[in-house]
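Below: one structure, written as structure tokens.
Within every chain, numbering begins at 1; the chains are lettered A, B, ... in the order of the sequence lines, protein sequences first and strands thereafter.
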2 protein chains.
Amino acid sequence: MTRPEPTEAPRRQTRQRSAVLALLEQLDGFRTAQDLHALLRERGEAVGLATVYRALQALVDDGLVDVLRGDGEAAYRRCSPVHHHHLVCRSCGRTVEVADPPVERWAARVAAEHGFADVQHQLEVFGTCAACTTAR
Amino acid sequence: MTRPEPTEAPRRQTRQRSAVLALLEQLDGFRTAQDLHALLRERGEAVGLATVYRALQALVDDGLVDVLRGDGEAAYRRCSPVHHHHLVCRSCGRTVEVADPPVERWAARVAAEHGFADVQHQLEVFGTCAACTTAR
DNA sequence: TGTGTTCATGAGAATCATTCTCGCATGACT
DNA sequence: AGTCATGCGAGAATGATTCTCATGAACACA
Ligand SMILES: [Zn+2]
Ligand SMILES: [Zn+2]
Ligand SMILES: [Zn+2]
Ligand SMILES: [Zn+2]
């Protein structure tokens with residue numbers, strides 16, 4: 001998924017980056033950069049919007065955060081570093097990480113059958129969680 | 001995937017919409033709206049950019065075209081109306097439609113296990129096609 | 001702890017795809 | 001042909017993301 005990164009770029013520890021990561025740790029769903037920016041401001045840990053974007057990008061590069069590109073804006077979530085997919089509530093954003101070994105093999109096989117190399121895949125499942133279903 | 005559409009909106013046939021669909025029929029990969037707009041202009045079949053976007057949106061609504069949201073811009077491709085996924089060359093855009101019954105069942109099952117309803121999923125496989133691999 | 005080098009920050013401008021506005025043109029139907 | 005709802009196009013507007021660049025802060029080292 002991520003490249004081998006021969007030159008591990010040094011990452012400087014700052015209040016802002018810590019704040020972004022700490023906030024993500026407390027949330028259990030995907031959130032947009034703008035949402036996170038607003039939340040940080042509410043909590044007094046003000047961080048510039050551009051910096052939020054930069055911090056998120058760095059976290060994504062480091063494999064600590066997953067990004068989901070929906071219709072308009074991208075959403076970010078603190079995730080485990082092992083390969084997995086998501087089951088996302090399209091109403092409240094609540095997310096469950098799910099693994100599926102079969103689809104991993106399937107993707108590799110079907111790609112090989114068609115002569116494709118350097119294969120990646122993306123799989124996301126969307127639905128309405130139990131809480132949101134009963135709440136309506 | 002698509003909503004029940006109680007009032008099937010009538011779709012008026014115009015030169016522009018026909019041109020967009022005809023162009024898509026000739027291409028075998030995903031193309032952005034801007035690309036299609038440029039191609040139409042080159043071929044003399046000039047169509048306004050806003051109209052290209054509107055035509056594509058209509059085609060998507062009608063299930064004739066699939067849309068792929070990459071990093072920045074959305075890409076469109078004439079596709080068969082039956083449910084399927086894509087194997088896309090990340091270099092030249094060439095695309096193969098692939099079906100995978102197992103993942104359909106898996107998605108439904110894992111969603112149910114977690115209490116999620118009204119489930120959808122999106123699965124795309126990216127790679128470098130044989131032609132692009134040898135060409136480099 | 002002081003000092004210098006280097007990278008990070010942030011406010012606002014810039015970018016860029018997409019959508020909206022609105023006056024005019026053109027399909028569909030009688 | 002006549003009516004009328006729709007579609008068209010040029011340009012403005014929108015909105016998320018990125019860039020600019022002067023200032024501030026981390027970090028390595030003495
Ligand atoms: Zn929910
Ligand atoms: Zn996977
Ligand atoms: Zn290719
Ligand atoms: Zn499927």
Between [N] ([atom2]) and [X] ([atom1]): distance, integer Å:
X	N	atom1	atom2	value
B:Arg11	D:dA5	CZ	P	18 Å
A:Arg69	C:dA17	CZ	C1'	14 Å
B:Gln16	D:dG7	CD	P	12 Å
A:Leu49	C:dT9	CG	C1'	13 Å
B:Tyr53	D:dG15	OH	C1'	14 Å
A:Arg54	D:dT20	CZ	P	12 Å

> Relative to each other, are the rings of A:His121 and A:His83 parallel, tilted or perpendicular (30° and 60° limits)?
Replying inline: perpendicular
>> Has B:Arg78 got a side-chain atom pairing as donor or acceptor with B:Leu64's backbone, closer than 3.5 angstrom?
In response: yes
>> Quick check against the 3.5 Å criterion: does A:His37 have a side-chain atom that pairs as donor or acceptor with the backbone of A:Val47?
In response: yes
> Nearest nucleotide by nearest heavy atom, which residue falls closer to the 5' end of DNA chain D, B:Arg15 or B:Arg12?
Replying inline: B:Arg12
>> For B:Glu97, run the side-chain hydrogen bond (donor to acceptor under 3.5 Å, both in side chains) check against B:His86, B:His85, B:Arg77 and tell me which one passes.
In response: B:Arg77
>> Both B:Gln57 and B:Gln13 contact DNA chain C. Taking the nearest nucleotide for each, which residue is further toward the 5' end?
In response: B:Gln57
> So, is A:Thr14 near the phosphate of C:dT9, with a side-chain N or O under 4.0 Å from OP1 or OP2?
Replying inline: yes
> Counting just side-chain N and O atoms, does A:Thr51 come under 4.0 Å of either OP1 or OP2 of C:dG10?
Replying inline: yes
>> Using a heavy-atom cut-off of 4.0 Å across all strands, would you classify B:Gln34 as base, sugar-phosphate, or nothing?
In response: base
>> At 4.0 Å (heavy atoms only), tell me whether B:Arg17 reaches a base, stays on the sugar-phosphate, or touches nothing.
In response: sugar-phosphate
